[in-house]
Student: 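First the structure, which I've put down as structure tokens, then a few questions once you've had a look.
Counting convention: from 1, in listed order, for ligands and their atoms alike.
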Amino acid sequence: MRRRLITGNWKMHGNLAALGELEAVARSAAAHPGIDVALALPATLIAPAVARLAGLAGAALAIGGQDVHPADSGAHTGCLSAAMLREAGARFTLVGHSERRADQHETSQDACAKAEAAHRHGLSVILCVGETEAERDAGRAARVVQAQIEKSVPEDANGTWLSLAYEPRWAIGTGRTPTMDEIAEVHAIARDKLRTLAGGAADAIRILYGGSVTGANAADILATANVDGALVGGASLTAAKLLPIIAAAA
Ligand code: PGA
């Protein structure tokens, strides 16, 4: 009942020339109508990407942002509101990515407020959670993820607009991934936690895995219980790397 979702995250990579990658990704998305495909782009590339895709017949690729400010407007130099992302053509945004938690000191409460703002303005949300290596080594991965979910999932969450991404921080950009059993364990715990927070609505909330997903490991990861898709960083930067992941999901 949950459609698989493959979302690329370009982070602070790419430029107008790199948008040439979009055509092959959009064609692949259109060729696999049973799954959803999305790309979270640098904010400056959202409008040009959407314009480019508008010229492609049957393009089924959603473009989104990587962060959003919780307020609708105000004196927040350098920030973007959900309405601004929407106007640029974004259909979703990431919130609470571990790089923002680490570099911009964002908390789970911040992520919650950002998710609510995005939802108010009609954006879907991919909310990211995940433990550090030290937390995993101390046997605290499950508890950390549970606490992040509890503090960051908005009250009215449901699967029509919210997805969760479990991204162990030590697996991001490192080429290291948890075992499939470890992924299954955290995803099951996340699913249970969502049920206690959102009741029956939780069953439609997709839980993506993120952290060093590639064409080589995507099939195994996507076959793991309660894994409803992937959040892909490095391997989303070129169509050549992303297409095998889309194919594995389909
Ligand atoms: P990675 O990044 O695929 O390069 O590990 C994942 C992410 O940060 O979303």
Student: In chain order, what residues pass the salt bridge (Lys or Arg N to Asp or Glu O under 4.0 Å) check against Asp72, with sequence neighbours excluded?
Tutor: Arg120
Student: Side-chain contact, heavy-atom cut-off 4.5 Å: Ile172 with Glu99?
Tutor: yes
Student: Does a side chain donor of either Asp181 or Thr179 reach within less than 3.5 Å of an acceptor in the other side chain?
Tutor: no
Student: Need the ligand 1 atom indices (1-based, order shown) with element for anything under 4.0 Å from a heavy-atom of Gly173.
Tutor: 1 (P), 4 (O), 5 (O)
Student: Can you list the ligand 1 atoms lying under 4.0 Å from a non-hydrogen atom of Ala171?
Tutor: 5 (O)
Student: So if I count the atoms of ligand 1 from 1 in the order they appear, which ones are less than 4.0 Å from some heavy atom of Gly234?
Tutor: 1 (P), 3 (O), 4 (O)
Student: Could you tell me which atoms of ligand 1, counted from 1 in the order shown, lie closer than 4.0 angstrom to a heavy atom of His97?
Tutor: 7 (C), 8 (O), 9 (O)
Student: Number the atoms of ligand 1 from 1 as they appear, then name those within less than 4.0 Å of a heavy atom of Asn9, with their elements.
Tutor: 9 (O)
Student: Out of Lys11, Gln66, Glu167, Arg169, indicate the one that has the non-hydrogen atom closest to atom 2 (O) of ligand 1.
Tutor: Lys11
Student: Purely on distance, is any nitrogen or oxygen of Gly210 under 3.5 Å from one on ligand 1?
Tutor: no
Student: Quick check: does Thr174 get an N/O under 3.5 Å from an N/O on ligand 1?
Tutor: no
Student: Can you sort out which atoms of ligand 1 are near Gly211, meaning under 4.0 Å from one of its heavy atoms?
Tutor: 5 (O)
Student: Polar-atom distance check: Val232 versus ligand 1, any N or O pair below 3.5 Å?
Tutor: no
Student: Which atoms of ligand 1 are found less than 4.0 Å from any heavy atom of Leu231?
Tutor: 9 (O)
Student: Nearest protein heavy-atom contact for atom 3 (O) of ligand 1: which residue, which atom, what distance?
Tutor: Gly233 N, 2.8 Å
